[in-house]
Amino acid sequence: MKTYTYKANSYDNLYDLAEALAHDGTFIPRTISDTDLEQLGVNVAETEEPIENIRTRKIFELKRQRDAAEVEPVEYGGHLYDYDSKARDRINAAIIALDVQGDGAKISWTTADNEDAVVTAADLRMIIASVAARSNKLHTAYRTAKARVEAAVTADEVRAVAMNN
């Protein structure tokens with residue numbers, strides 16, 4: 001991360017520096033080189049990004065990974081079943097419809113691997129149960145990884161944290 005010092009003031013980004021220079025009548029392009037800035041009396045320094053920024057970004061990345069894994073197809077009975085928001089709605093509607101039809105009612109279901117599977121309301125409930133178990137593992141793995149990120153002392157330690165579900 002670069003910092004810029006001009007007339008004893010520090011700036012974390014080029015935009016703020018450009019405004020300060022503009023007050024003195026010097027207008028700079030966004031693509032100005034560090035060498036040209038130094039000729040204008042600006043000290044350009046490379047600084048380590050604050051570890052809190054790196055932690056925050058890593059935790060956000062871990063959440064995205066967890067959330068994406070939660071909607072991946074789930075395996076049940078030798079097939080993969082979709083579990084995005086539309087699939088959840090369809091599964092819930094099918095459970096209600098099969099319950100209304102009574103014990104032993106079945107429906108043909110197109111799986112995520114594009115095959116037809118005959119399922120009962122109990123099968124669909126087991127798919128939801130499988131997702132719940134997977135979700136629990138994902139959240140546990142996320143909390144463990146987040147704790148490791150928060151305990152990390154260096155940026156490299158933070159970057160090395162992975163979510164193992």
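It should be emphasised that the depicted structure is a prediction, and the values quoted were computed from it without experimental measurement.
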Please determine whether a side-chain nitrogen of the Lys or Arg among [X] and [Y] lies less than 4.0 Å from a carboxylate oxygen of the Asp or Glu.
X: Arg55; Y: Glu52; answer: yes
X: Arg90; Y: Asp84; answer: no
X: Asp34; Y: Lys2; answer: yes

Path from [X] to [Y] over hydrophobic side-chain contacts below 4.5 Å:
X: Tyr142; Y: Val74; result: no
X: Tyr4; Y: Leu40; result: yes
X: Ile95; Y: Val119; result: yes
X: Ile51; Y: Leu62; result: yes
X: Val71; Y: Ile91; result: no

Subject >> Crowding at CG, Asp103 (>12 non-hydrogen neighbours, <6.0 Å) >> reply: no
**OP:** Decide if atom CG of Asn114 counts as having more than 12 heavy atoms of other residues, nucleotides or ligands within a radius under 6.0 Å.
**Re:** no
What closest approach, in Å, do [X] and [Y] show between heavy atoms, and which atom pair accounts for it?
X: Arg134; Y: Ala69; value: CZ-O, 3.5 Å
X: Asp116; Y: Ser108; value: CB-OG, 3.9 Å
X: Ala162; Y: Ala145; value: O-CB, 4.0 Å
X: Gly41; Y: Tyr6; value: O-CD1, 3.8 Å

**OP:** Evaluate side chain to side chain contact (heavy atoms under 4.5 Å, CB included) for Leu98 paired with Val100, printing each intermediate quantity in order.
**Re:** CA-CA 5 Å; Leu98 290 167; Val100 168; over 6 Å; no
About how many Å separate [atom2] of [Y] and [atom1] of [X], when rounded to the nearest 0.5 Å?
X: Glu46; Y: Met1; atom1: CD; atom2: CE; value: 9.5 Å
X: Arg143; Y: Arg66; atom1: CZ; atom2: CZ; value: 9.0 Å
X: Asn164; Y: Thr140; atom1: CG; atom2: OG1; value: 13.0 Å
X: Arg148; Y: Met163; atom1: CZ; atom2: CE; value: 10.5 Å
X: Arg159; Y: Ile54; atom1: CZ; atom2: CD1; value: 4.0 Å
X: Ile32; Y: Thr26; atom1: CD1; atom2: OG1; value: 9.5 Å

Original post:
Going by heavy atoms in the side chains, are Tyr76 and Asp123 under 4.5 Å from each other?
Top reply: yes
**OP:** Please examine the side chains of Tyr11 and Thr5, heavy atoms only from C-beta on, and report whether any two atoms are closer than 4.5 Å.
**Re:** no
**OP:** Could you walk me through whether Asp12 and Thr3 pass side chain to side chain contact (heavy atoms under 4.5 Å, CB included), step by step?
**Re:** CA-CA 5 Å; Asp12 292 332; Thr3 58; 4.0 Å; yes
Subject >> Leu17 and Leu37: CA distance, side-chain angles, deciding distance, side chain to side chain contact (heavy atoms under 4.5 Å, CB included) verdict >> reply: CA-CA 10 Å; Leu17 172 65; Leu37 285 172; 3.9 Å; yes
Modelled atom types, side-chain donor and acceptor of [X] and [Y], under 3.5 Å:
X: Asn13; Y: Asp16; result: yes
X: Ser33; Y: Asp36; result: yes
X: Asp113; Y: Thr111; result: yes

Original post:
Would Glu150 and Lys58 count as a salt bridge (Lys or Arg N to Asp or Glu O under 4.0 Å) if you check the C-alpha gap in whole Å, the side-chain angles of each, and the deciding distance to 0.1 Å?
Top reply: CA-CA 10 Å; Glu150 291 169 342; Lys58 184 63 169 190; over 6 Å; no
Original post:
Quick one: which of Glu72, Glu115, Glu75 gives a side chain to side chain contact (heavy atoms under 4.5 Å, CB included) with Leu80?
Top reply: Glu75
Original post:
Please walk me through it: do Glu61 and Arg64 pass salt bridge (Lys or Arg N to Asp or Glu O under 4.0 Å)?
Top reply: CA-CA 5 Å; Glu61 174 189 321; Arg64 273 195 338 259; 5.4 Å; no
Subject >> Sidechain-backbone polar pair: Thr154 side chain, Glu157 backbone, donor-acceptor under 3.5 Å >> reply: yes
Subject >> Derivation of the side chain to side chain contact (heavy atoms under 4.5 Å, CB included) call for Asp24 and Lys7 >> reply: CA-CA 11 Å; Asp24 290 343; Lys7 290 189 175 179; 2.9 Å; yes
